Amino acid sequence: MALKSAALFEKMDPFIKSQGADLVKKINAVYFFEVSKTKGETPQVWTVDLKNGNGSIAKGKVGTADATFTMVDDDMIAMAQGKLNPQQAFMQGKMKIKGNMAAATKFTPDLLPKDAKF
């Protein structure tokens with residue numbers, strides 16, 4: 001079963017291509033997103049590189065992440081739609097963060113496309 005988040009990451013690609021150089025200057029970090037349908041399932045992983053070149057997004061783990069976000073698909077979508085606050089998600093255990101917390105806080109929901117169809 002395909003994750004709804006896959007559409008979200010596909011939508012991020014043109015955004016990063018158009019805004020990437022500015023995002024790299026501002027954010028300077030690589031992120032892994034581990035998203036699973038339900039807790040405990042093997043996650044699908046996306047790499048969002050906002051550190052190198054003009055930025056990029058790729059399926060799978062590419063390079064080394066400064067921070068890794070782990071969550072279930074529905075929570076990832078809720079965050080992209082502005083229905084779930086990232087700080088609340090973290091405090092409620094809906095999102096796990098590994099790695100550099102300062103880098104993690106630079107990735108905000110405004111970097112996620114609002115118009116992805118789910």
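Quick note: residue numbers are just sequence positions, from 1. Given the structure is predicted, the values throughout are model-derived calculations rather than measurements.
The two residues A103 and D66 have their closest heavy-atom pair at CB-CB, 4.0 Å. V72 and K37 get closest at one heavy-atom pair: CB-O, 4.1 Å. Among all heavy-atom pairs drawn from V24 and K51, the shortest one is CG1-O, 3.4 Å. The minimum heavy-atom distance linking I57 with F9 is given by the pair CD1-O, 3.4 Å. Of all heavy-atom pairs between K94 and M71, the closest is O-CB, 3.4 Å. Between S5 and V35, the shortest heavy-atom contact is OG-CG1, 3.6 Å.
I16 and F32 end up in different hydrophobic clusters when Ile, Leu, Val, Met, Phe, Trp and Tyr side chains are linked at under 4.5 Å. Hydrophobic clustering places F90 together with F33 (ILVMFWY residues linked when any side-chain heavy atoms are closer than 4.5 Å, directly or through intermediates). Residues V45 and I97 fall into different hydrophobic clusters, defined by Ile, Leu, Val, Met, Phe, Trp and Tyr side chains chained together at heavy-atom separations under 4.5 Å.
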Report the C-alpha separation of F15 and L23 in whole Å, then their side-chain angles, then the decisive distance to 0.1 Å, and conclude whether the side chain to side chain contact (heavy atoms under 4.5 Å, CB included) test is met.
CA-CA 10 Å; F15 176 72; L23 292 173; 3.9 Å; yes
Walk me through whether L50 and V30 qualify under side chain to side chain contact (heavy atoms under 4.5 Å, CB included).
CA-CA 6 Å; L50 299 175; V30 176; over 6 Å; no
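Put simply, CE on M79 and OG1 on T108 are 10.0 Å apart, with the number rounded to the nearest 0.5 Å. With rounding to the nearest 0.5 angstrom, the CD atom of Q88 is 12.0 Å from the CG atom of D75. One finds the NZ atom of K4 at 13.0 Å from the CE atom of M76 (value rounded to the nearest 0.5 Å). In this structure, CD1 on I77 lies 10.0 Å from NZ on K83, to the nearest 0.5 angstrom. Residue E10 holds its CD atom at 10.0 Å from NZ of K59, rounded to the nearest 0.5 Å. Between K96 atom NZ and T68 atom OG1 the span is 13.0 Å, to the nearest 0.5 Å.
Residues forming a salt bridge (charged side-chain N to carboxylate O under 4.0 Å, His left out) with D13 (at least two apart in sequence, or on another chain): K17.
The main-chain N or O of T42 is never found under 3.5 Å from a side-chain atom of S36 such that the two would form a donor-acceptor pair. D49 contributes no side-chain N or O that, together with a main-chain N or O of S56, makes up a donor-acceptor pair within less than 3.5 Å.
Relative orientation of the Y31 and F107 rings is perpendicular, given thresholds of 30° and 60° on the angle between their planes.
Counted within 6.0 Å of NZ on K98, heavy atoms from surrounding residues, nucleotides or ligands total 12 or fewer; the atom is thus considered open.
With 3.5 Å as the limit, one finds a donor-acceptor pair spanning the side chains of E34 and T70.
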